There are 2 protein chains.
Amino acid sequence: MTDHSADLSVLAGLLAGSLTTDPDVLATYSLDESEHRPDGAALALVRATCVDDVVATMRFAHERGIPVIPQGARSGLSGGACAVDGCILLSVKAMDRILAVDEENKTVTVEPGIINLDLKNALRPYGLAYPPDPGSVALCSIGGNIATNAGGMCCVKYGVTREYVREITVVLADGTVTRLGHRTVKGVAGLDLTALFTGSEGTLGVIVEATLKLVPLGPDPLSALATFPSVTAAASAVSAYMRTGATPSLLEMMDGTTVGMIQDMTDFGLDATVGAVLIMQSDATTASADAEAFADIVQTHGAVDVAFADNPDDSEMLVAARRSAQTAFEHHAQSHGGGQMLDDVCVPRDRLAEFCDGITRIGKETGIQVAVIAHAGDGNTHPSVFFDNDDPASVTAGYDAFHRIMGLGLELGGTITGEHGVGALKAEWLATELDEGNRRLHRSIKDAVDPTGILNPGKMLSHL
Amino acid sequence: MTDHSADLSVLAGLLAGSLTTDPDVLATYSLDESEHRPDGAALALVRATCVDDVVATMRFAHERGIPVIPQGARSGLSGGACAVDGCILLSVKAMDRILAVDEENKTVTVEPGIINLDLKNALRPYGLAYPPDPGSVALCSIGGNIATNAGGMCCVKYGVTREYVREITVVLADGTVTRLGHRTVKGVAGLDLTALFTGSEGTLGVIVEATLKLVPLGPDPLSALATFPSVTAAASAVSAYMRTGATPSLLEMMDGTTVGMIQDMTDFGLDATVGAVLIMQSDATTASADAEAFADIVQTHGAVDVAFADNPDDSEMLVAARRSAQTAFEHHAQSHGGGQMLDDVCVPRDRLAEFCDGITRIGKETGIQVAVIAHAGDGNTHPSVFFDNDDPASVTAGYDAFHRIMGLGLELGGTITGEHGVGALKAEWLATELDEGNRRLHRSIKDAVDPTGILNPGKMLSHL
């Protein structure tokens, strides 16, 4: 490999932010929250504090053909922000200012590093809300949310990140700064490059600014929880409830295994003996009617019990339980060999029950424990596989289950990833999901936008 | 020019549909509903009746470097479907079947030629709705709607076409058939090529199938109409009403000139002496409260009168009046020299009053009559300029006003096109709206996807 160390000090001198080659720091920044482990070592970490830092870094890397891995909060679950050998890790986490709140047009303009929850909290005094709420809402950055087109629990009513991105400023592979999209409510001037870059997982450019659509802050939601003897019963209730035209602001499912793991970690007062739990929220003016309709539907679909949260604290507690699932999975994994990966398959809503049955079968056939949480109203599931990192056979079986779950999703007309992104973990599967014409389009667009291929190589587009 | 006539008969022999070179037919199919007039003549018209016809045509054209102009209902207002010299006009209008209605997952799969209103009517018995409703809803095709990312009156609540396109099948420049997107509610597997092709105005591929998201059919809306002494007063009422967080399903503005032209054509019982009219609808469960809030707001913003439509027929009549505006413009133009063009500038909502003032100024300075209708809740305006086609000075002044209105829109932070598309009429302006990095992205993506440049040349991307 070319020795870039002298050059790196030149780059460092150009930055308002900082550059480090400290091996310990690089090791930390080489990982995200996935199980993916890079093959090689990063060259340097740039902590950008302004657009010019990003421009300088990209120019530097472009001239030398050095891979660049854009990073936000590194809370991703697919390995999209992990290092590749000889790369520069380009963190925009410190670029976290709110640049403008436009109350009149209900938009906010932010730097990419701002944490989703911090943005939500800052907007509250204005009576405005930015809906997208990934599970990692307290950790994840808006730039990362845009780069992965992140989802969350509210998508069932409010949609995904893409629907809130009006305009973005990106730095291209060669350091060119360009503004994409429009600040107006509507706009069709040219190709929808804002949407193309949203969800491009750092392979086309580095997002350095975004103007986001906001909505009026809604009232506290009304919540309900229903327990079922089986996942199949819960899944069929979801399908029936959504068929009514209900517009819940949240409709989550957890299987009994998940409920057990959550209760093992923290007592949320959940019954760990149930087959599955559904949590429903409505923030509509018709919330009471929505909750009653939910109660009716679940009872005709075999619910054992239905309970309503009649105050905001109880309501928040229910969601907190659901939100703690990934932590509970990690907690469980720690005492069971450490291996844990979260699938992200989205299936047509009416195939949810069939998909869950298939997961049970895959668990049995591979001997791997699988727990399931799902944004059920969207058909977006997160089966979590557990394995023993110290036992190669278990690791193999764990990955096998993880992959077979994606295969099952595709068989049922679904997609390998509903919201977490392809990253490093699912790059091979992307090639399976897309047909040859689609793969060719991906390759040619990537080559056109990043001709030297320095932006996040070895990830999303690497197997196309 | 190469003589392709012998070859054309070979292509004709491959088609399930038909191919014609009849000059009268070609002359008709060389135009859309814009004022744009092609420089040259089309070579042939292919009326495709199946995907294979589109594939055969694209292969034929690709091998020979013949330009292809994809056409739906040719109801566009920007010249996007007009002929270029030596082109094949490729009409998919006859491909108009509904392939599947999925009630469970609330989607419909259609061929591109189906008329928007026909689709709406076909979905009604299922209790489902496809919201996007361009002014030309009774004439325009879904394929054309997707190709232009069409809007309409409902966007203020329901958003634009892009938000309803889940999956599309496209035929690429070389005849490759590929499926883009996902049928599931969510999906982030790969780049969002569905969004890239939505609004690409036939420059990247030919859409031959689409799976669209549906919503439950709502109740009949409640409507209200308010009259104002001036456009400025109406515009400020719009801004104030939207600031309240109201979610009308329609919020339209017409200036007094427009109201006069409508009444000259058909008596809708409107007062032609007013300065401006606002029409508001709500299809929410809170419709009464929405209408009352509207009445309060408009009264504090100088409304002369507010009236409610308390039954569906009256409600429909109000919208019919608004919907007839473009016809009234054409009617007016017929007796005033024939020239008429519709701008499509979208400005930030709080700049609407300022924009309307500017239009009045431009009208005075150019000596051109301008009438304004607007999807006011979105800030998306359609100023219509009138000129005398038999008077070159008037034509020049008309185009001057048309262009200056776009310039004003950009000055106010808006876009040259909110929903009609760039087409031939605004291609030069697109180069002004986009910065150099953005223009370069457009060029490189176009070159990557359509390397021989045969798809709809001389239109949207021609001046980048």
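These numbers come from a predicted model, not from an experiment. Each chain gets a letter, A, B and so on, in the order the sequences are listed, and its residues count up from 1.
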Considering only heavy atoms and a distance below 4.5 Å, find which of [options] pairs most often with chain B.
options                                    : answer
Cys346(A), Ala240(A), Ala284(A), Ala427(A) : Cys346(A)
Thr415(A), Asn438(A), Val422(A)            : Asn438(A)
Glu201(A), Lys426(A), Glu433(A), Lys106(A) : Lys106(A)
Leu196(A), Leu430(A), Asn380(A), Leu441(A) : Leu441(A)
Gly187(A), Gly377(A), Ala289(A)            : Gly187(A)

Report which part of [X] has an atom under 4.5 Å of a heavy atom belonging to chain B: side chain, backbone, both, or neither.
X         : answer
His420(A) : backbone
Leu193(A) : side chain
Thr148(A) : backbone

Side chain to side chain donor-acceptor pair (under 3.5 Å) involving Thr176(A) - partner list, sequence neighbours excluded: Asp174(A), Arg440(B)
Those residues that, when tested against Leu217(B), pass side-chain contact (heavy atoms from CB on, under 4.5 Å) (two or more places apart):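 If we apply the side-chain contact (heavy atoms from CB on, under 4.5 Å) test to Leu217(B), skipping adjacent residues, the hits are Arg124(B), Ala129(B).
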Charged N-O contact under 4.0 Å between Glu436(B) and Arg443(B):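 Yes, Glu436(B) and Arg443(B) are salt-bridged.
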Carboxylate-amine/guanidinium proximity below 4.0 Å for Asp283(A) and Lys157(A): yes
